[in-house]
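Note that these values count all heavy atoms, side chains included, but never hydrogens, waters or copies made by symmetry. Bear in mind that the values here come from a model prediction, so they are computed numbers and not experimental data. Letters A, B, ... are given to chains in the order of the sequence lines, protein chains preceding strands, and every chain is numbered from 1.
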Number of protein chains: 2
Amino acid sequence: MKSTMMKALGEPNRLQIVELLRSGPLTVGEIAESLEIRQPQASKHLRILNEAGILEVQAVANRRIYKLRQEPFQELDDWLTSFQSIWEEKLDRLDAYLEELQSKKIDQEEKS
Amino acid sequence: MKSTMMKALGEPNRLQIVELLRSGPLTVGEIAESLEIRQPQASKHLRILNEAGILEVQAVANRRIYKLRQEPFQELDDWLTSFQSIWEEKLDRLDAYLEELQSKKIDQEEKS
DNA sequence: ATGGAATATTCTTGTAAAGGAATATTTAGG
DNA sequence: CCTAAATATTCCTTTACAAGAATATTCCAT
């Protein structure tokens, strides 16, 4: 679900992790060091991002290499694109809406 | 900040409000009714969305008409677009990364 | 001015989420 | 086997957040 992804990215450290991973895959330790947070917190944040479908892991010996998955970002982008088309059409129809309210009010007055 | 917007949209009701407002401006009461939540909760969620810069209000007599603002969505879209270019380049360079790790390991062995 | 409708705010309470410290797990190397 | 490194997990405490109920505010019509 989109709101799961949003929620995951709503935490500043996690958004920073995503920014970091834009430059390529990284290990937990590298991420923790970059963000200046402790390793367990890094692991926890990575877990949440992973469970939200934003990341994927590859185990290499001792290490875990995390990288971004493309799909969720693609999906989000599609969603936003679907906004663009509507933008001019419906969004700024405040005038129309006000008139609508106005006519409802008149109806109501006619009844009384 | 982007994470503020994400955080705001990370709450399911609030994301639904945004979906609703895609069809045009609405009053608090209409939103509450649509989402089947109580008016005070609707007001609270709208407040958070508003403070995140996602909405704007127009007072008309008794009512408050909320509508989407374009800018934050545009900004988010730009961010996502900036992902696309990086996508093929750096993201899937796991091979390269592994080799890098490998060479570091060799360095280390040379020292001992 | 009074009452009612629409909305916002406050207060409280339950629950989730984040950080810290400690501990468990896995893996490679000796 | 034993140790050290990298990572994950658990437990605890504190903070943040959402829903509910009640109340305040604003505005219009009478």
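For the atom pair A:L49 CG and A:H45 NE2, the distance stands at 8.5 Å (nearest 0.5 Å).
If you chain together hydrophobic residues whose side chains sit under 4.5 Å apart, A:M6 and A:I48 never meet in one group.
At a non-hydrogen distance threshold of 4.0 Å, nothing from residues 2-13 of chain A comes into contact with DNA chain D. Annotation: proximity of residues 43-53 of chain A to DNA chain D (heavy atom, distance under 4.0 Å) is found for A:S43, A:K44, A:R47, numbered in ascending order.
Using modelled atom types, one side-chain atom of B:R14 and one backbone atom of B:A8 make a donor-acceptor pair closer than 3.5 Å. Listed for the B:R69 side chain is a donor-acceptor partner under 3.5 Å among the backbone atoms of B:G53.
Between the CD1 atom of B:I17 and the C1' atom of C:dT7 there is a distance of 14 Å, given to the nearest Å. Atom CD in A:Q58 sits about 16 Å away from atom C1' in C:dT27, given to the nearest Å. As a whole-Å value, the separation of B:L55 CG from C:dA8 P is 11 Å. As rounded to whole Å, 9 Å separates atom P of D:dA8 from atom CD1 of A:I31.
Minimum heavy-atom separation, A:I65 to A:V60: CD1-CG2, 3.8 Å. The shortest non-hydrogen separation linking A:V57 to A:N50 is CG2-OD1, 4.1 Å.
By the 6.0 Å contact criterion, CD on A:E56 is enclosed, its count of non-hydrogen atoms from other residues, nucleotides or ligands being greater than 12. Surrounding CD of B:E33 are at most 12 heavy atoms belonging to other residues, nucleotides or ligands under 6.0 Å away.
Side-chain contact annotation: A:E30 with A:T27, donor-acceptor N/O pair under 3.5 Å present. Residues A:W79 and B:E19 bring a donor and an acceptor atom of their side chains to less than 3.5 Å of each other.
Looking only at side-chain heavy atoms (C-beta outward), B:F83 and A:V18 come within less than 4.5 Å of each other.
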Review item, nucleotides 4-6 of chain C N/O atoms under 3.5 Å of protein N/O:
residue, atom, partner, partner atom, Å
C:dA5, N3, B:N62, ND2, 3.3
C:dA6, O4', B:N62, ND2, 3.4

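Using a 4.0 Å cut-off, no side-chain N or O of A:Y66 falls inside it from OP1 or OP2 of D:dA6.
Side-chain proximity of B:Q41 to D:dA22, D:dT9, D:dG20: nearest is D:dG20.
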